[in-house]
Amino acid sequence: MAKEEEDDKLPDQDAAKEFYAKYEPKEILGRGISSTVRRCIEKETGKAFAAKIIDLSNDNNSEGVSAKEATKQEVAILRHVAGHSYIIELQDVFESPTFIFLVFELCKNGELFDYLTSVVTLSEKKTRYIMRQVLEGVAHIHARNIVHRDLKPENILLDDNLNVKITDFGFAKKLAEGELVHELCGTPGYLAPETLKCSMFEDAPGYSYEVDVWACGVIMYTLLVGCPPFWHRKQMVMLRNIMEGKYSFSSPEWADISEEPKDLIRRLLVVDPKQRISIDDALRHPFFHTMQLWDQDIAPLKYALRKNSRRFSRISEMALKLHHRKFQARQKFQWAILVVRAMIRLQRLKFTPEPLSLDTARTDPYRVKLLRKIVDGCAFRVYGHWVKKGEGQNRAALFENIPKTELKHIYVTNLSR
Ligand code: ADP
Ligand code: MG
């Protein structure tokens with residue numbers, strides 16, 4: 001029987017009486033190595049949940065930890081990190097001799113991975129929104145002395161309001177004070193250099209919480225431009241690039257992205273874990289400062305505007321007058337919004353795309369942001385289903401737009417005819 005058909009089969013009623021008594025299983029939401037996740041309905045309330053059904057029938061006790069043991073560890077960790085807005089909530093656990101059922105809150109918007117594939121890239125604003133939540137979630141996990149070890153867009157779910165829920169604690173581990181671990185686990189493209197070193201050198205010192213910080217850097221890079229920082233058709237080359245921290249901001253997408261997110265990525269993707277930015281410092285990075293502008297008084301705003309342009313300082317002058325005359329909360333708020341918007345626009349002036357030149361559009365369309373968005377959007381619409389999850393991640397392949405030498409040659413000869 002094909003693997004997929006086998007997975008689609010529901011555990012028989014006898015094996016899981018308690019689960020069936022309480023929940024009605026529905027369609028499949030996702031799959032892991034030894035689990036299938038289905039939407040299910042709580043019979044009593046009609047509320048929807050997600051049930052991770054772990055098959056124990058092929059459990060092999062001779063090799064390492066059994067699936068049953070691993071799941072018990074996962075449940076213990078899930079309970080230990082519970083109670084945070086950005087961490088998935090475990091609702092129920094059922095156990096039978098052949099299956100374990102973990103019932104989670106349902107994330108209707110699925111994986112960040114699929115969301116990214118559907119939109120190709122995220123704006124700086126959306127990236128800020130998502131990354132702040134991811135980092136806050138990870139900070140909470142670390143504060144509970146847990147290292148996640150498999151952070152990636154497949155394991156970051158989105159709820160109804162596109163808020164983050166970190167999930168899949170299958171590789172997570174509780175660390176003792178100062179403990180360093182050596183096991184190689186995670187997903188190749190997201191592995192930190194110090195994890196790879198453990199599998200290559202006998203005397204490697206081991207790794208700790210910083211591996212999750214590295215993974216956050218890989219995720220943030222991927223969200224902004226759609227393709228991961230470390231990718232190569234040959235996995236050995238990719239792993240070498242990770243070890244050397246070799247990535248670049250050279251693809252055309254980066255030209256439209258401001259300095260702050262680049263600076264944060266540079267600090268997250270530092271090869272030496274001791275020099276890598278801490279989660280708390282990452283959250284304090286200027287990339288996340290923008291929201292604080294709303295809390296500031298209007299006076300420094302006026303000063304900043306004056307520095308930027310006379311025209312906008314006049315607007316702020318008017319806003320100020322309004323502010324002093326009498327308290328008109330609504331109007332004051334509307335003015336403040338106008339002023340802040342104008343200021344942001346001014347600051348971003350240098351990122352405004354150049355006017356569309358027909359010449360560039362014909363010879364190098366990928367350089368033009370508007371055309372690039374259309375090209376990438378079409379590529380993802382047609383070939384998006386090729387973008388593989390997990391180990392075979394090849395999202396980057398859809399961004400390979402450098403013409404092959406022989407094709408370029410044919411194109412040039414055709415043009416010159
Ligand atoms: P595995 O350890 O096998 O990778 P995960 O816990 O990552 O299992 O779940 C596999 C997939 O199932 C996820 O990537 C996601 O697509 C889907 N999934 C898991 N939990 C939920 C949930 N609570 N809501 C919606 N989808 C989920
Ligand atoms: Mg997973």
Side-chain angles (χ1 to χ4, degrees), residues 3-4 6-8 11 19 23 25-42 47-59 64-79 81-82 84-93 99-118 133-134 137 141 146 148-173 185-191 212 215 218-219 222 384-385 387-393 395:
K3 168 102 176 74
E4 279 204 0
E6 218 171 279
D7 282 350
D8 285 353
F19 172 76
Y23 296 94
K26 301 279 182 193
E27 78 279 4
I28 292 177
L29 297 169
R31 277 197 181 90
I33 302 162
S34 60
S35 74
T36 308
V37 178
R38 283 179 183 271
R39 189 170 71 90
C40 63
I41 306 288
E42 190 178 29
K47 230 180 126 189
F49 290 91
K52 181 166 170 174
I53 306 169
I54 298 140
D55 188 352
L56 303 176
S57 55
N58 299 322
D59 218 358
V65 195
S66 67
K68 192 171 173 171
E69 271 315 304
T71 310
K72 284 196 166 158
Q73 229 165 292
E74 186 176 345
V75 169
I77 288 178
L78 277 161
R79 288 190 170 140
V81 295
H84 190 276
S85 323
Y86 306 139
I87 310 285
I88 196 80
E89 200 180 303
L90 180 66
Q91 158 96 1
D92 246 334
V93 180
F99 290 96
I100 298 182
F101 299 77
L102 308 186
V103 182
F104 292 98
E105 64 176 310
L106 177 69
C107 293
K108 288 211 183 100
N109 281 307
E111 299 171 14
L112 177 60
F113 186 98
D114 293 319
Y115 177 67
L116 182 64
T117 304
S118 71
Q133 297 189 352
V134 171
I141 298 170
I146 305 284
H148 186 286
R149 301 199 290 186
D150 200 18
L151 289 173
K152 55 181 176 178
E154 293 93 315
N155 289 337
I156 295 170
L157 304 177
L158 301 169
D159 72 4
D160 309 19
N161 306 314
L162 288 182
N163 281 325
V164 158
K165 299 280 174 186
I166 299 176
T167 189
D168 196 352
F169 288 76
F171 286 138
K173 191 175 166 71
C185 61
T187 308
Y190 301 86
L191 288 177
D212 288 342
V218 179
I219 295 168
T222 313
H385 60 285
V387 179
K388 295 257 167 54
K389 298 189 181 185
E391 304 213 355
Q393 71 151 318
R395 184 184 293 279

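For ligands, and for the atoms within them, numbers begin at 1 and follow the listed sequence. Not measured: the values here are computed from a predicted model.
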**Asked** What is the minimum heavy-atom distance between P153 and I219, and which atoms define it?
**Response** CD-CG1, 4.2 Å
**Asked** Where do K165 and S85 come nearest, in terms of heavy atoms and distance?
**Response** NZ-O, 2.8 Å
**Item:** Proximal atoms of ligand 1 relative to K52 (non-hydrogen, under 4.0 Å)
**Value:** 1 (P), 2 (O), 5 (P), 6 (O), 8 (O)
**Message:** Give me the atom names and distance for the closest heavy-atom approach of V103 to C40.
**Reply:** CG1-SG, 4.5 Å
**Item:** For N155, atoms of ligand 1 separated by under 4.0 Å from a heavy atom
**Value:** 7 (O)
**Prompt:** Should L29 and L106 be marked as a side chain to side chain contact (heavy atoms under 4.5 Å, CB included) after you check the CA-CA gap, both sets of side-chain angles, and the distance that decides it?
**Reply:** CA-CA 10 Å; L29 297 169; L106 177 69; 3.6 Å; yes
**Nearest option to atom 14 (O) of ligand 1, as decided by whichever heavy atom of R38, E111, R39 sits closest** = E111
**Message:** Could you tell me, atom by atom, which parts of ligand 1 come under 4.0 Å of a heavy atom of L157?
**Reply:** 15 (C), 20 (N), 21 (C), 22 (C), 23 (N), 24 (N), 27 (C)
**Request:** Identify the heavy atoms of A215 and L151 that sit nearest to each other, and give their distance.
**Result:** CB-O, 3.7 Å
**Message:** Contact between ligand 1 and G170 is defined here as a heavy atom of the residue under 4.0 Å from a ligand atom; is it met?
**Reply:** no
**Request:** Walk me through it: do D55 and F99 pass the test side chain to side chain contact (heavy atoms under 4.5 Å, CB included)?
**Result:** CA-CA 5 Å; D55 188 352; F99 290 96; 3.9 Å; yes
**Prompt:** Looking at Y86 and Q133, what are the two nearest heavy atoms and their distance?
**Reply:** CD1-O, 3.4 Å
**Message:** Under a 4.0 angstrom heavy-atom cut-off, which atoms of ligand 1 come close to I88?
**Reply:** 23 (N)
**Request:** Could you list which atoms of ligand 1 come closer than 4.0 Å to a heavy atom of V37?
**Result:** 9 (O), 10 (C), 12 (O), 18 (N), 19 (C), 20 (N), 27 (C)
**Message:** Distance under 4.0 Å to a non-hydrogen atom of A50: what atoms of ligand 1 satisfy this?
**Reply:** 21 (C), 22 (C), 23 (N), 24 (N)
**Fill in**
Looking at G30, A70, S35, A48, the heavy atom closest to atom 11 (C) of ligand 1 belongs to G30
**Message:** Evaluate L106 for polar contact with ligand 1, using N/O atom pairs at a separation under 3.5 Å.
**Reply:** no
**Message:** No waters, cut-off 2.8 Å: how many protein N, O or S atoms are close to the Mg ion (ligand 2)?
**Reply:** 2
**Request:** Using the side chain to side chain contact (heavy atoms under 4.5 Å, CB included) rule, take F104 and L157 through it: C-alpha gap first, then chi angles, then the decisive distance, then the call.
**Result:** CA-CA 12 Å; F104 292 98; L157 304 177; over 6 Å; no
**Prompt:** Does K47 pair with E42 as a salt bridge, N-O distance under 4.0 Å?
**Reply:** no
**Message:** Distance under 4.0 Å to a non-hydrogen atom of F104: what atoms of ligand 1 satisfy this?
**Reply:** 23 (N)
**Close side-chain approach of T167 to K52, heavy-atom, < 4.5 Å** = no
**Prompt:** So between D159, I156, L29, whose heavy atom ends up nearest atom 26 (N) of ligand 1?
**Reply:** L29
**Item:** Stepwise side chain to side chain contact (heavy atoms under 4.5 Å, CB included) check, Y23 with R38
**Value:** CA-CA 11 Å; Y23 296 94; R38 283 179 183 271; over 6 Å; no
**Asked** How close do F49 and E105 get, heavy atom to heavy atom, and via which atoms?
**Response** CD2-CA, 4.1 Å
